[in-house]
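The next block holds one structure in the form of structure tokens; read it before the comments.
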Protein chains: 2
Amino acid sequence: MSRTIKLLLAEDQSMVREALAALLGLEEDMEVVVQVARGDEVPAAARAHAVDVALLDIEMPGATGIEAAAVLRREFPDLKVVVLTTFGRPGYLRSAMEAGADAFLVKDAPAAQLAEAVRKVLAGERVIDPTLAAAALADGANPLTDREREVLRAAADGSTNAELAAALHLSQGTVRNYLSTAIQKLAVRNRAEAVRIAREKGWL
Amino acid sequence: MSRTIKLLLAEDQSMVREALAALLGLEEDMEVVVQVARGDEVPAAARAHAVDVALLDIEMPGATGIEAAAVLRREFPDLKVVVLTTFGRPGYLRSAMEAGADAFLVKDAPAAQLAEAVRKVLAGERVIDPTLAAAALADGANPLTDREREVLRAAADGSTNAELAAALHLSQGTVRNYLSTAIQKLAVRNRAEAVRIAREKGWL
DNA sequence: ACTCCGGCATGACAGATGTCATGGCCGGCA
DNA sequence: TGCCGGCCATGACATCTGTCATGCCGGAGT
């Protein structure tokens with residue numbers, strides 16, 4: 001036994017993706033058998049290639065790595081999923097775990113942890129940054145309702161209330177109410193801060 | 001002749017940095033002889049190790065890769081500088097060129113372009129993405145004055161006029177005037193949009 | 001000497017934003 | 001059945017934000 005570990009690698013930045021593949025290629029017992037640059041290409045890639053572990057970046061076009069993880073979890077219950085991200089946001093960790101990820105790594109962790117995490121998840125372990133886990137627990141769950149998140153996300157680019165109302169088919173007053181409640185829940189004083197905090201927490 | 005090309009690699013995310021080093025290590029004639037994770041550690045690293053080419057990420061703690069490039073250019077006129085970035089912002093390209101960079105690469109370009117760029121700059125060529133160059137020319141120079149940039153940057157986190165005034169030792173009216181002129185120069189309708197556009201262009 | 005531009009400021013005004021009270025509708029839950 | 005929470009809306013109010021006119025100062029360029 002102990003044949004080569006076959007990996008799927010999903011990451012939108014070519015240079016980073018291929019560099020990670022080169023890094024993993026240095027491991028004697030690992031091989032990246034398929035690479036994709038979009039989240040929505042992950043399921044098809046998993047169907048086309050028998051892989052043991054999927055390494056998924058979060059920020060990708062098409063679908064996030066977390067969404068892709070949820071799909072893989074349903075369709076391939078035995079496939080291990082490692083979520084990899086630039087931003088150590090507590091809310092991301094929480095979402096990734098809820099989507100069924102086996103490991104959660106931030107890109108500023110030492111490179112050695114990547115191969116290590118692959119081996120651990122195959123051994124049935126879960127790998128998460130303890131600091132981030134603590135932060136996720138401390139923050140609690142996302143306090144925003146679907147609508148509040150939707151409005152806040154739409155407001156993030158600097159749209160005015162009138163534009164938001166038109167885009168979301170709501171009245172201006174309703175838009176303002178949602179933003180007002182979001183602002184209060186996040187304990188800030190205006191929409192710009194609300195957007196910033198929600199982003200930092202990974203709640204947006 | 002044609003001895004090994006010695007490289008300095010500056011990038012704050014360990015995993016990405018070491019992966020890039022692995023990628024470059026696959027090239028027969030190249031070797032990453034020193035890695036740093038902060039912009040302000042670049043000059044010392046260049047002094048301590050005789051390198052032929054410096055690969056600098058832009059977004060780093062301590063100092064940006066562009067600032068580091070300017071320092072290297074002054075102190076080591078023969079050292080070639082390749083600026084590497086996640087964000088293909090026209091303003092970044094302009095600043096990098098003004099700082100004396102020899103090449104400007106975005107991380108979503110194919111990985112092969114990295115080694116290729118290293119060889120080209122050593123041959124005396126300049127390497128820049130033509131699309132990005134066109135965008136930089138089309139955008140023109142940063143239209144914001146120092147003060148406008150400063151106020152806009154400070155306003156980016158959602159601070160109110162009163163807070164900005166206090167932080168920058170200005171009157172509230174002056175803060176509003178600067179923001180107003182910035183908003184007009186960027187042809188947008190509020191500070192949030194101004195921040196977004198300035199960021200996108202690399203003017204912030 | 002004159003003009004332009006950037007930095008700094010004030011006051012006045014219109015419009016955008018945030019809060020609050022209030023109420024209707026619906027679905028889930030005790 | 002009754003209560004609660006999320007969703008949607010209105011109107012009134014206070015405050016914040018963006019614009020404009022205007023003015024002063026100092027440096028750079030003609």
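Naming convention: chains lettered A, B, ... in sequence-line order (proteins, then strands); numbering from 1 in each chain.
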Nearest 0.5 Å please: distance from the CD atom of B:Gln172 over to the CD atom of B:Glu163.
-> 10.0 Å
Is the shortest heavy-atom distance from the side chain of [X] to the side chain of [Y] under 4.5 Å?
X: A:Leu164; Y: A:Tyr178; value: no
X: A:Met15; Y: B:Leu84; value: yes
X: A:Leu8; Y: A:Leu72; value: no
X: B:Lys185; Y: B:Glu148; value: yes

When A:Gln13, A:Lys107, A:Arg17 are each screened for side-chain contact (heavy atoms from CB on, under 4.5 Å) with A:Asp57, the one that passes is A:Lys107
With a cut-off of less than 4.0 Å, is there a side-chain N or O of [X] near OP1 or OP2 of [N]?
X: A:Thr145; N: D:dC7; answer: yes
X: B:Ser171; N: C:dC8; answer: no
X: B:Tyr178; N: C:dC8; answer: yes

Between B:Asn161 and B:Arg191, is a side-chain hydrogen bond (donor to acceptor under 3.5 Å, both in side chains) present by the stated rule, with each step listed?
-> CA-CA 11 Å; B:Asn161 284 331; B:Arg191 64 183 68 192; 2.8 Å; yes
Exactly one of A:Asp29, A:Asp102, A:Asp52 clears salt bridge (charged side-chain N to carboxylate O under 4.0 Å, His left out) with A:Arg119, and that residue is A:Asp29
Between atom [atom1] in [X] and atom [atom2] in [N], what is the gap in whole Å?
X: A:Glu193; N: C:dT17; atom1: CD; atom2: P; result: 16 Å
X: A:Asp146; N: D:dG5; atom1: CG; atom2: P; result: 17 Å
X: A:Leu168; N: D:dC7; atom1: CG; atom2: P; result: 13 Å
X: B:Arg147; N: C:dA9; atom1: CZ; atom2: P; result: 9 Å

Walking DNA chain D from its 5' end, the first of A:Lys185 and A:Leu170 to be reached, judged by nearest nucleotide, is A:Lys185
Decide, yes or no, whether a salt bridge links B:Glu150 with B:Arg147 under the criterion of side-chain N to carboxylate O below 4.0 Å.
-> yes
How sharply is the helix from C:dA1-D:dT30 to C:dA30-D:dT1 bent, taking the axes over five pairs at either end and rounding to 10 degrees?
-> 30°
Per-nucleotide protein contact string for nucleotides 16-28 of chain D, where B marks a base within reach and S marks sugar-phosphate only (heavy atoms under 4.0 Å, - for neither) | -BBBB--------
